[in-house]
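Below is one structure, written out as structure tokens; comments come after it.
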Amino acid sequence: MQKQDRLKKRAAFAYVYRKGERASAHNLLLLSAKSREGLKIGLSVTKKVGNAVTRNRVKRLLREAIGKIRPRIDEGYMYVLVAYPELATDSFEEVCAAVENAFSKAGKLVGEEQ
RNA sequence: CGAGUUAGCCAGACGGUCGCAUGAAAUAUUGAGGAAAGUCCGAGCAUCAUAGGGCAAGGGUGCCGGGUAACUCCCGGUGAAGGUGACUUCAAGGACAGUGCAACAGAAAACAACCGCCCGCAAGGGUAAGGAUGGAAACGUGAGGUAAGAGCUCACGCGCAAAUUGGCGACAAGGCGCGGUGUAAACCCCACUCGAUGCAAGAACGGAGGCAAAAAAGUGGCCCGCAAGCCUCCCAUUCGCUUGAGUCGUGCAGAAAUGUACGACCUAGAUAGAUGGCCGUCAAAUACAGAACUCGGCUUACAGACUAUCUCGCACA
RNA sequence: AGGAAUGUAGCUCAGUCGGUUAGAGCACCACCCUGAUAAGGUGGGGGUCAGUGGUUCGAGUCCACCCAUUCCUA
């Protein structure tokens, strides 16, 4: 997951939360909204998930999982991934599956049948 | 062998591979902790403010000596409390400077006197042995003494404690003498000490607006003093930001904390915020937990492993 | 990251300078009233004072540590 692909501004997050389409999978929620600047992905891991160590771990797993399917994601959108507390106990494989499933449900994977 | 005590130490290692941060760049280098935590103390640094003095108010600390940049921290000792013991714990100055408080119960909770005892016809006076209460009752027990009694006297005991001796000192030994309720994490007294705010401090570059120029804007709570430039907003680029009371090793000084000399080393610096995924080997890799200006402590959380010290109990020699 | 505040009954809050058995309103339960309900009346239950330790004869109150929640600062 490249640095320029990240969603940073608070205003952008707020826009996606307000306008975005929602798609949930397992312990994840994916929000997506049209983007002018190409692909942007933000991660939201709240304090409910755990302490600083577990939150960092969840974010790393999500970045790793996104990096795997990065070429297949539709580039015209901004995305925000919200993690639920149960995600903290999942293994890497489960996280990968959840991320892929979420994007698939939202219809944002290129070269795949709906 | 069992149960304990104290001190120290580690906080996975190595290899492969795909990524992340640093970096001009590379197949290179480095890359979270013992607590990075809580934010409870002490400093550096910055601003208030260009430099400085005094006063008031308020806060902190509180046995002694040493260590330290400094501390409420550390080391060693003293005293007190706990433990069979090794050892552990302690906000540990002052209650004859003054004031307050001590509910209920009780005669009375601090300038004692209800019942009682004694003297006396009575009025009144003397007295505190005995009395229920209470956390605490005006030194305790016994004897002498007396009208009845009382440290009034004596013995033993408890508390305070002068001279003298030892110690740098706290203090210890000592005991002339004294007879004293408890509470200062109640106000307070004494001694020492502290300006406030915090890197979201603040500085530079750029843009917009406003105030003031000597009867002077402004200026930390006040006074003195200082004072010609100052204030507000926007942007969030750069600096602050990592070489520091630094780390490691050896020698020396010291009982220790620690200091010092020499040599070697440079060891995170992100900014929506870098350490992760997979595989292999080691019996196993698992606890608490993620740097955000930087140090020194304290406190709290914590799987497992190792080393040494001493104590007690049992058995055997 | 830095700074500050608050935890008392199911809910919202009192509790002064440490003192006997921690109160109030709403809610809850029972009874009265009504043909029945509401309102009203009478009575009752319910608290580890967030937690741990200390000071004191005695702590919701004082002190230290600690947990949770909330707010402020770009």
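Per chain, numbering begins at 1; letters A, B, ... match sequence-line order. What's counted below: heavy atoms across the whole structure, side chains too, no hydrogens, waters or symmetry copies.
- Rounded to an integer number of Å, the gap from NZ of A/K59 to P of B/rG277 is 15 Å.
- In this structure, B/rG12 and B/rC282 make a Watson-Crick or G-U wobble pair, each of the two defining distances being under 3.5 angstrom.
- Between the side chain of A/K105 and the backbone N or O of A/S24, at least one donor-acceptor pair lies under 3.5 Å.
- In this structure, B/rG142 and B/rC154 make a Watson-Crick or G-U wobble pair, each of the two defining distances being under 3.5 angstrom.
- In a base pair of the Watson-Crick type (N1 to N3 plus N6-O4 or O6-N4) or a G-U wobble (N1-O2 and O6-N3), with each distance short of 3.5 Å, B/rG4 is matched with B/rC310.
- The base of B/rG290 lies close enough to the side chain of A/R60 for a donor and an acceptor atom to sit less than 3.5 Å apart.
- Pairing partner, C/rA22: none, since no Watson-Crick or wobble contact has both distances short of 3.5 Å.
- Distance CZ (A/R55) to P (B/rG290): 8 Å, rounded to an integer number of Å.
- Comparing the C1' positions of B/rG59 and B/rG42 gives an interatomic distance of 16 Å, to the nearest angstrom.
- Among the nucleotides B/rG276, B/rA274, B/rA289, the one closest to any side-chain atom of A/E64 is B/rG276.
- Between the C1' atoms of B/rG126 and B/rA148, the separation comes to 8 Å (whole Å).
- B/rA274 atom C1' lies 10 Å from atom CG of A/N56, rounded to whole Å.
- Its glycosidic angle being more than 90° from 0, C/rU55 falls on the anti side.
- Atom CG in A/L62 sits about 20 Å away from atom P in B/rG19, given to the nearest Å.
- B/rC101 and C/rA59 are spaced 16 Å apart, taking the C1' atom of each and rounding to whole Å.
- For C/rA27, the O4'-C1' to base torsion is more than 90° from 0; the nucleotide is therefore anti.
- At the phosphate of B/rU275, neither OP1 nor OP2 sits under 4.0 Å from any side-chain N or O atom of A/R57.
- Pairing for B/rA264 is with B/rU247, a Watson-Crick or G-U wobble pair whose two hydrogen-bonding atom distances lie under 3.5 Å.
- For the pair A/K40 and A/Y79, the NZ or CZ position fails the cation-pi test of under 6.0 Å to the six-membered ring centre and within 45 degrees of the ring normal.
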Begin from the C-alpha positions of A/R63 and A/I66 and carry the test side chain to side chain contact (heavy atoms under 4.5 Å, CB included) through to its verdict. CA-CA 5 Å; A/R63 278 192 214 115; A/I66 289 165; 5.6 Å; no
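- Regarding contacts with the backbone of B/rG273, a side-chain N or O of A/R63 is found under 4.0 angstrom from either OP1 or OP2.
- For B/rG65, the paired nucleotide is B/rC75, the pair qualifying as Watson-Crick or G-U wobble because both relevant distances are below 3.5 Å.
- Taking a pair to require two hydrogen-bonding distances under 3.5 Å in either a Watson-Crick or a G-U wobble arrangement, B/rC199 remains unpaired.
- For the P atoms, the distance linking B/rA103 with B/rA137 amounts to 15 Å, nearest Å.
- The partner of C/rU6 is C/rA68, judged by Watson-Crick or G-U wobble contacts that both fall below 3.5 Å.
- B/rG34 takes the syn form, because its glycosidic angle lies no more than 90° either side of 0.
- No single ILVMFWY cluster, assembled from side-chain heavy atoms under 4.5 Å apart, contains both A/L61 and A/V53.
- Looking only at distances, no side-chain donor or acceptor of A/E100 sits under 3.5 Å from a matching main-chain atom of A/A97.
- For A/E94 and B/rC278, the CD to P distance is 12 Å, given to the nearest whole Å.
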